[in-house]
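Proteins get letters first, then strands, A, B, ... in listed order; numbering begins at 1 in each.
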Amino acid sequence: MNAHQLKGKDLLKIGYAPGKAVGTALALMETAFKEISKEEQLILLSKVLCSPSKYQEDELWAPLAEALLPPKQEVVTPLLPGAKDYVIYGAEGIEAGALKQMDVAMRLSVTVGGALMPDAHQGYGLPIGGVLATQNAVIPYAVGVDIGCRMSMSLYAIPPDILTTQPAQLKKLLLDNTRFGTATFKNPQDHAIMERNEFADIAVAKGLKDRAFRQLGSSGGGNHFVEFGTVELHDPENEFSLPTGNYLAVLSHSGSRGLGASIAGHYTKVAMESCRLPQEARHLAWLDLNTEAGQEYWLAMNLAGDYASTCHHQIHQRLAAALGERPLAVVENHHNFAWKEKDAAGNEVIVHRKGATPAGQGVLGIIPGSMATPGFIVRGKGEANSLNSASHGAGRVMSRTKAKQTLSLPQVQQYLLDAGVEVIGSGLDEAPMAYKDIRQVMQSQQDLVEVVGTFTPKLVRMCGDEKYMEKD
DNA sequence: ATGTGC
């Protein structure tokens with residue numbers, strides 16, 4: 001327009017390289033800095049040229065900064081042409097989508113082994129019920145969104161007929177001492193977990209600490225539950241040194257609440273930015289354990305796991321106090337986690353279990369059925385083909401959506417009545433009919449675990465609509 | 001799974 005108009009040539013003089021940045025800079029000056037002098041414009045532009053990374057987050061300057069910075073590495077790490085071998089337990093009951101996802105996971109360059117449990121179904125990245133061993137890499141989505149999600153069971157010396165003689169009292173205990181959905185305890189019980197260094201040392205965890213404290217001891221939603229039932233101990237050689245017979249039991253299933261979910265979300269994003277994979281594998285992006293991000297995730301994952309465990313301990317402590325008893329025995333296990341373990345050759349591998357129960361030789365775990373079917377205290381057999389794992393439940397036979405569409409409330413209520421189970425909260429999507437037959441699932445994993453005791457649920461609490469419940 | 005949403 002006039003002699004004072006900034007030209008591309010002026011930019012080349014101050015060191016701009018011919019290319020996209022020049023055009024971006026000129027357009028920016030034209031739209032946002034029209035009124036200042038050419039000299040002033042050049043001063044601004046040379047500042048951005050000197051340190052573009054400083055302007056990456058700036059709303060106005062970001063496009064220019066991006067154009068000046070070296071192009072992001074978009075190198076895609078290819079998948080192996082064929083999937084490594086893995087054993088599928090209960091293959092006849094596993095949906096195609098889960099198998100397909102497992103096949104993709106078995107083609108990652110970092111994968112050294114895997115197995116699919118009989119309750120497997122499609123998830124994000126690795127299927128639920130998938131076990132994956134990698135070399136020096138951790139995959140946030142192979143751990144799962146609910147990091148450290150776990151089972152915990154307490155056995156009591158109380159005669160289990162209390163379930164039929166005092167159902168109202170037990171129901172009150174559950175309502176008073178557990179919190180579901182968005183409800184939390186008005187005065188959360190403080191715990192040493194909140195003093196962990198990770199909350200101070202890891203930037204992401206720091207921002208999650210306050211909410212984590214508010215949610216301490218709560219159960220969340222989805223398939224999480226706290227329930228009373230009966231355990232029949234079958235094995236006279238049980239690890240609890242208890243006589244065989246029937247015991248009152250409390251069983252809880254929940255995870256790391258918003259803490260783990262946010263950690264999972266954050267590090268998955270970090271992984272997907274640094275580890276580009278073909279479209280069908282993108283959610284399996286990993287973090288190298290030798291990198292800062294990898295080590296940070298490992299620490300954050302362990303924090304979330306310990307937090308999940310603390311929540312269970314508080315749930316069980318509250319109920320124990322309300323019952324006025326101390327438990328005779330406690331069994332507990334994570335099923336969404338990654339561990340450093342040794343493979344058959346003695347090499348250290350990272351074993352991801354996403355909805356799979358650790359089942360090393362002699363390791364105790366809990367595999368529940370559904371709200372109205374039996375669950376099992378199991379002892380691992382240490383089967384190498386399953387990577388020392390077993391299922392974490394019965395697995396769905398119906399998606400949540402399908403369950404809500406096809407099941408009716410009276411139908412589910414009748415089923416529960418017949419089973420002698422009372423349920424507080426929950427929705428049709430958690431109905432027993434939405435789950436596989438747990439007996440069949442247990443049959444498929446006879447090589448993986450042996451049954452120590454059988455749990456029969458009686459009074460179940462799950463997430464309903466208890467936003468109104470805030471009392472302590 | 002999730003302050004159930006960029």
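Separating the CZ atom of A/Arg211 from the P atom of B/dT4 is a distance of 10 Å, rounded to the nearest angstrom. Atom CE of A/Met462 and atom P of B/dA1 are 8 Å apart (whole Å). Atom pair A/Phe180:CZ and B/dT2:C1' shows a separation of 16 Å (rounding to whole Å applied). The distance between atom CG of A/Asp429 and atom C1' of B/dA1, rounded to the nearest whole Å, is 13 Å. A straight line from OH of A/Tyr141 to P of B/dA1 spans 14 Å, rounded to a whole angstrom. Straight-line distance from the NZ atom of A/Lys404 to the P atom of B/dT4: 15 Å, rounded to whole Å. Atom CZ in A/Arg214 sits roughly 14 Å away from atom C1' in B/dT2 (whole-Å rounding). Rounded to a whole Å, the OH atom of A/Tyr307 is 10 Å from the P atom of B/dT2.
Geometric assessment of A/Arg396 against the ring of A/Tyr435 yields a positive cation-pi assignment under the 6.0 Å and 45° thresholds. Figure legend: cation-pi geometry between A/Lys47 and A/Trp61 absent, as NZ or CZ is not positioned both under 6.0 Å from the six-membered ring centre and within 45° of its axis.
Checking B/dT4, B/dT2, B/dA1 against every side-chain atom of A/Asn223, the shortest atom distance belongs to B/dA1.
Within residues 258-269 of chain A, the residues having any heavy atom closer than 4.0 Å to DNA chain B are, in order of number, A/Gly258, A/Ala261.
A search for side chain to side chain contact (heavy atoms under 4.5 Å, CB included) contacts involving A/Asn290 returns A/Asn136, A/Asp288, not counting sequence neighbours. Residues satisfying the side chain to side chain contact (heavy atoms under 4.5 Å, CB included) criterion with A/Arg439, sequence neighbours excluded, are A/Pro374, A/Phe376, A/Asp437.
Residue contacts shown for A/Gly222 are limited to sugar-phosphate atoms, with no base heavy atom under 4.0 Å away. When heavy atoms are screened at a 4.0 angstrom cut-off, A/Gly144 is found touching no nucleic acid atom at all.
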Item to complete: Under the side-chain hydrogen bond (donor to acceptor under 3.5 Å, both in side chains) rule, what do A/Ser219 and A/His224 come out as? Steps first, then yes or no, please.
Response: CA-CA 7 Å; A/Ser219 295; A/His224 291 173; over 6 Å; no

Worksheet item: Which is it for A/Glu383 and A/Lys381 under the salt bridge (charged side-chain N to carboxylate O under 4.0 Å, His left out) test, yes or no, and what are the steps along the way?
Response: CA-CA 6 Å; A/Glu383 170 55 51; A/Lys381 293 188 174 180; over 6 Å; no

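Checking the phosphate oxygens (OP1, OP2) of B/dA1, a side-chain nitrogen or oxygen of A/Arg400 falls inside 4.0 Å. At least one side-chain nitrogen or oxygen of A/Arg257 sits closer than 4.0 Å to the OP1 or OP2 atom of B/dG3.
Comment: A/Lys100 does not engage A/Glu95 in a salt bridge, judged by the lack of any side-chain N to carboxylate O separation of less than 4.0 angstrom.
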